[in-house]
Number of protein chains: 2
Amino acid sequence: MMLPMARAATTSDVFNAIAEPQRREILALLRAGERPVTELAQELGMTQPGASKHLRVLREVGLVRDRKAGKQRLYGLDARGLRPIHEWTGGFERFWNESFDRLDAYVQDLKQARQEE
Amino acid sequence: MMLPMARAATTSDVFNAIAEPQRREILALLRAGERPVTELAQELGMTQPGASKHLRVLREVGLVRDRKAGKQRLYGLDARGLRPIHEWTGGFERFWNESFDRLDAYVQDLKQARQEE
DNA sequence: GCATCATATGCCGATATCGGCATGCGTCAA
DNA sequence: TTGACGCATGCCGATATCGGCATATGATGC
């Protein structure tokens, strides 16, 4: 019957988790230390359920850890998952300084090659 | 009337563009040099329209440039847009080595603070 | 012009995503 | 136990996303 396949990857990976601006803000805030949900929501101007949902995503990909502290639930940063992304982008470091030199060079080569044909 | 607001950010930023595994593969391949659409599609095992669509997204966020070369259209890498991501993740570099030491330390601080209240 | 190759675009179906809202559940204190 | 607080979850509506397919657009060569 061959159903259409729709979406492939989903929010269960780190790349996707940090594609959301608000989630990036949460991570940035958590660098200063653990924080309860309500405080995060307040500081970032979002609703409490909104914050909880984003935190859930971040927790599922391992960027955030939570622990109970009495009535509250403290969320803390676990940045290890960001390392692969840092390294992946780092693999392009050589290119973002010389991108257009390279392009130009390639164009030159191409013209050369054409004249020699 | 207050309609629901649904999705906030969209595919028009670099974080989102590289959230797609196939788009990351395209970028990785383009490190080796410019390539036409069909070749990309073939090497990555996707359909030509599929490749074209992903390339469109990459082009719209500026990660890829295209130029016409006769019948073909060559796509080339413009990695400058990856730099902000590299730097953003780099802002967490201090944390991904000592994440849990810090957490523990914070817990200690917290206990201290509580006893002193 | 016409056929051909290379690429882009449009439509569709399935599903994922996000925000808002209400509500559930657990914990603490009185 | 009851109430208050902190947080999570569920449901909904609007929209975005992705793959597959057919088709349009564009350039080339005859």
Side-chain angles (χ1 to χ4, degrees), chain A residues 1-26 30 34-61 64-76 114 117, chain B residues 1-26 30 34-61 64-76 114 117:
Chain A
M1 207 165 65
M2 210 41 171
L3 294 174
M5 220 184 284
R7 265 222 143 170
T10 168
T11 198
S12 286
D13 77 317
V14 181
F15 279 96
N16 226 296
I18 66 164
E20 237 289 329
Q22 308 218 65
R23 289 198 282 264
R24 290 200 295 276
E25 292 184 53
I26 290 178
L30 289 181
E34 292 181 309
R35 269 195 178 62
V37 180
T38 313
E39 206 174 309
L40 285 170
Q42 195 178 352
E43 297 188 43
L44 297 177
M46 44 193 198
T47 66
Q48 174 268 309
S52 278
K53 284 172 188 170
H54 284 311
L55 284 166
R56 184 167 147 96
V57 175
L58 292 172
R59 194 175 49 214
E60 282 174 353
V61 302
V64 142
R65 296 271 178 180
D66 65 303
R67 66 185 181 83
K68 317 210 332 188
K71 221 191 283 193
Q72 304 193 130
R73 186 171 210 88
L74 293 183
Y75 280 88
R114 237 166 226 162
E117 273 173 8
Chain B
M1 208 165 61
M2 209 44 173
L3 293 174
M5 218 182 286
R7 265 221 140 169
T10 169
T11 200
S12 287
D13 77 319
V14 181
F15 279 96
N16 225 295
I18 66 164
E20 239 289 328
Q22 309 218 63
R23 288 198 283 263
R24 290 200 296 277
E25 291 185 53
I26 290 178
L30 289 181
E34 291 180 310
R35 270 194 178 65
V37 180
T38 312
E39 206 175 308
L40 284 171
Q42 196 180 349
E43 298 188 43
L44 297 177
M46 45 192 195
T47 66
Q48 174 269 310
S52 276
K53 284 173 188 170
H54 283 311
L55 285 167
R56 185 168 146 96
V57 174
L58 292 172
R59 194 175 48 214
E60 283 175 352
V61 302
V64 143
R65 295 272 178 178
D66 66 300
R67 67 188 180 83
K68 318 212 328 188
K71 221 192 285 194
Q72 304 194 130
R73 183 173 281 272
L74 293 182
Y75 280 88
R114 241 167 222 160
E117 273 175 7

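Naming convention: chains lettered A, B, ... in sequence-line order (proteins, then strands); numbering from 1 in each chain. Only this structure's heavy atoms are used, side chains among them; waters, hydrogens and symmetry mates stay out.
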Would you please name every residue forming a salt bridge (Lys or Arg N to Asp or Glu O under 4.0 Å) with A:Arg59, sequence neighbours left out? none
Main-chain N/O of B:Leu74 paired with B:Gln72 side-chain donor or acceptor, under 3.5 Å: no
Does B:Lys68 or B:Met46 map to a spot on DNA chain D nearer the 5' end, using the closest nucleotide for each? B:Met46
Within this structure, what is the CG-to-C1' distance between B:Asp13 and C:dT17, rounded to whole angstrom? 15 Å
Between atom CZ in A:Arg67 and atom P in C:dT27, what is the gap in whole Å? 16 Å
Rounded to the Å, how far apart are A:Glu25 CD and C:dC18 P? 14 Å
A:His54 NE2 - C:dA16 P separation (whole Å): 18 Å
List the atom pairs, donor and acceptor, that lie under 3.5 Å between side-chain atoms in residues 39-49 of chain A and the rest of the protein, sequence neighbours left out.
{"residue": "A:Glu39", "atom": "OE2", "partner": "A:Arg35", "partner atom": "NE", "Å": "3.2"}
{"residue": "A:Glu43", "atom": "OE2", "partner": "A:Arg35", "partner atom": "NE", "Å": "2.9"}
{"residue": "A:Thr47", "atom": "OG1", "partner": "A:Gly50", "partner atom": "N", "Å": "3.1"}
{"residue": "A:Gln48", "atom": "NE2", "partner": "A:Ser52", "partner atom": "OG", "Å": "3.1"}

For atom CD of A:Gln42 and atom P of D:dC5, their distance in whole Å: 15 Å
With a 4.5 Å cut-off on side-chain heavy atoms, are B:Arg67 and B:Arg73 touching? no
B:Arg23 side-chain N/O to B:Ala17 backbone N/O, donor-acceptor pair under 3.5 Å: yes
Taking CG from A:Leu44 and P from C:dC18, how many angstroms apart are they, rounded to a whole number? 15 Å
List the residues meeting side chain to side chain contact (heavy atoms under 4.5 Å, CB included) with A:Arg24, not counting sequence neighbours, and say none if there are none. A:Ile18, A:Pro21, B:Asp13, B:Phe15, B:Trp88
Rounded to the nearest Å, what distance is computed from the CZ atom of residue B:Phe15 to the C1' atom of nucleotide C:dC18? 19 Å
Polar atom pairs between nucleotides 3-8 of chain C and protein, under 3.5 Å, N or O only, would you list them?
{"residue": "C:dT7", "atom": "OP1", "partner": "B:Val37", "partner atom": "N", "Å": "3.4"}
{"residue": "C:dT7", "atom": "OP1", "partner": "B:Arg73", "partner atom": "N", "Å": "3.3"}
{"residue": "C:dT7", "atom": "OP2", "partner": "B:Thr38", "partner atom": "N", "Å": "3.1"}
{"residue": "C:dT7", "atom": "OP2", "partner": "B:Thr38", "partner atom": "OG1", "Å": "2.1"}
{"residue": "C:dA8", "atom": "OP1", "partner": "B:Tyr75", "partner atom": "OH", "Å": "2.3"}
{"residue": "C:dA8", "atom": "OP2", "partner": "B:Ser52", "partner atom": "OG", "Å": "2.4"}
{"residue": "C:dA8", "atom": "N7", "partner": "B:Gln48", "partner atom": "NE2", "Å": "2.8"}
{"residue": "C:dA8", "atom": "N6", "partner": "B:Gln48", "partner atom": "OE1", "Å": "3.4"}

For A:Thr47 and for A:Gly70, locate the closest nucleotide of DNA chain C by heavy-atom distance; then report the residue assigned to the nucleotide nearer the 5' terminus. A:Thr47
